[in-house]
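Just so you know, these numbers use all the heavy atoms, side chains as well, and skip hydrogens, waters and symmetry mates.
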Amino acid sequence: HAALSRRYVLCEVISEDPRCRQCIEDRVLGLAVRDAITRVHGDYGLACCSISFTVKYLNAYTGTVLLRCRKDSYRLLCSALPFVRHLESRGQRYPCSLNTLHVGGTIRTCQKFLIQYNRTQLLRLLQNCTNEEERQCIQKSLLSCSLTEEQSESGDEEDDDGTE
């Protein structure tokens, strides 16, 4: 069973360029991460990380990304993520960075973390509200921060021991 152990790395894409969101797609992000791994850890590091590496989930609107890799290579992957400096799409380079939010043993633990993280971000926004309309809109979003049964049922779950 240890050979099947995986880690899920939850990240957010941070960019000053609003056009960067348009090019956030599995292939582009996967190439950027693989390129960073090669620059930091060489071909050996890339080979270690490439086994079962995949972009599991991606939301271009929020910039949320879930990467999957083998448990024994997640440290190599995580140490290379700060070296992703741009996403390249259709001959254009968009400067960005990847911020690692959480490393989990299952997709579900990452979902739970993301819900808490989003709730915290919304509460921060709520404190800085300038009018009642904004306030009500954010409060409505806060109430919707929960995990429904359909979302939690995923065929790719594994009962690992969580993070180390």
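Of the N and O atoms on the side chains of Tyr117 and Glu12, at least one donor lies less than 3.5 Å from an acceptor on the other residue. For the residue pair His86 / Ser97, no side-chain donor-acceptor distance below 3.5 Å is found, with atom types taken as modelled.
Under the 4.5 Å side-chain criterion, counting only non-hydrogen atoms from C-beta, Val55 is in contact with Val65. In this structure, Ser79 and His41 have side chains that are in contact, with non-hydrogen atoms separated by less than 4.5 Å. When side chains are defined from C-beta on, Arg34 counts as touching Ser50, because their heavy atoms get closer than 4.5 Å. Contact of the Phe53 side chain with the Arg70 side chain is not registered, since no non-hydrogen atoms from C-beta on lie closer than 4.5 Å. Within the 4.5 Å cutoff, no side-chain heavy atoms of Gln92 are placed close to those of Arg90. Asn99 places none of its side-chain heavy atoms less than 4.5 Å from the side chain of Cys11.
To the nearest 0.5 Å, atom CG of residue Leu46 and atom CG of residue Leu77 are 11.0 Å apart. Rounding to the nearest 0.5 Å places CG of Leu87 at 12.5 Å from CZ of Arg19. Atom-to-atom distance recorded for Lys112:NZ and Leu10:CG is 14.5 Å, nearest 0.5 angstrom. The line from CD1 of Ile24 to SG of Cys96 is 7.5 Å long, rounded to the nearest 0.5 Å. In this structure, Leu114 CG and Leu101 CG are separated by 7.5 Å, a value rounded to the nearest 0.5 Å.
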### Query
Could you walk me through whether Arg6 and Cys69 pass the side-chain contact (heavy atoms from CB on, under 4.5 Å) check?
CA-CA 6 Å; Arg6 297 197 171 119; Cys69 66; over 6 Å; no
### Query
Do Leu125 and Gln121 pass the side-chain contact (heavy atoms from CB on, under 4.5 Å) test, and can you show the C-alpha distance, the side-chain angles, and the key distance before you say yes or no?
CA-CA 6 Å; Leu125 284 174; Gln121 298 295 84; 5.9 Å; no
### Task
Report the C-alpha separation of Val103 and Tyr8 in whole Å, then their side-chain angles, then the decisive distance to 0.1 Å, and conclude whether the side-chain contact (heavy atoms from CB on, under 4.5 Å) test is met.
CA-CA 6 Å; Val103 178; Tyr8 296 90; over 6 Å; no
#### Entry: side-chain contact (heavy atoms from CB on, under 4.5 Å) between Val9 and Cys78, intermediate numbers included
CA-CA 8 Å; Val9 182; Cys78 288; 3.9 Å; yes
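Heavy-atom contacts from other residues, nucleotides or ligands closer than 6.0 Å to CG of Asp43 number 12 or fewer.
Using modelled atom types, one side-chain atom of Arg68 and one backbone atom of Ser52 make a donor-acceptor pair closer than 3.5 Å. Between the Thr64 side chain and the Asn59 main chain, no donor and acceptor come within less than 3.5 Å of each other. Under a 3.5 Å cut-off, the side chain of Thr54 and the backbone N or O of Lys56 do not form any donor-acceptor pair. Looking only at distances, no side-chain donor or acceptor of Ser73 sits under 3.5 Å from a matching main-chain atom of Leu76.
Note on Tyr94 and Leu29: separate hydrophobic clusters, where clusters join Ile, Leu, Val, Met, Phe, Trp and Tyr whose side-chain heavy atoms are under 4.5 Å apart, directly or indirectly. Grouping the Ile, Leu, Val, Met, Phe, Trp and Tyr side chains by contacts below 4.5 angstrom, directly or via other members, places Val28 with Leu98. No single ILVMFWY cluster, assembled from side-chain heavy atoms under 4.5 Å apart, contains both Val40 and Val84. If you chain together hydrophobic residues whose side chains sit under 4.5 Å apart, Leu67 and Phe83 never meet in one group. Leu122 is connected to Leu126 through a chain of hydrophobic side-chain contacts under 4.5 Å among Ile, Leu, Val, Met, Phe, Trp and Tyr, so both are in one cluster.
Scored by the salt bridge (charged side-chain N to carboxylate O under 4.0 Å, His left out) test, Arg39 finds Asp35 as partners (sequence neighbours excluded). Applying the salt bridge (charged side-chain N to carboxylate O under 4.0 Å, His left out) rule to Arg85 yields no partners; only residues at least two apart in sequence or on another chain are considered.
Of all heavy-atom pairs spanning Tyr61 and Arg21, the tightest one is O-NE, 3.5 Å. Nearest heavy atom pair, residue Cys49 against residue Ile37, reads CB-CD1, 3.8 Å.
Each salt bridge (Lys or Arg N to Asp or Glu O under 4.0 Å) pair with one or both residues in residues 124-134, not counting sequence neighbours, would appear here, but there are none.
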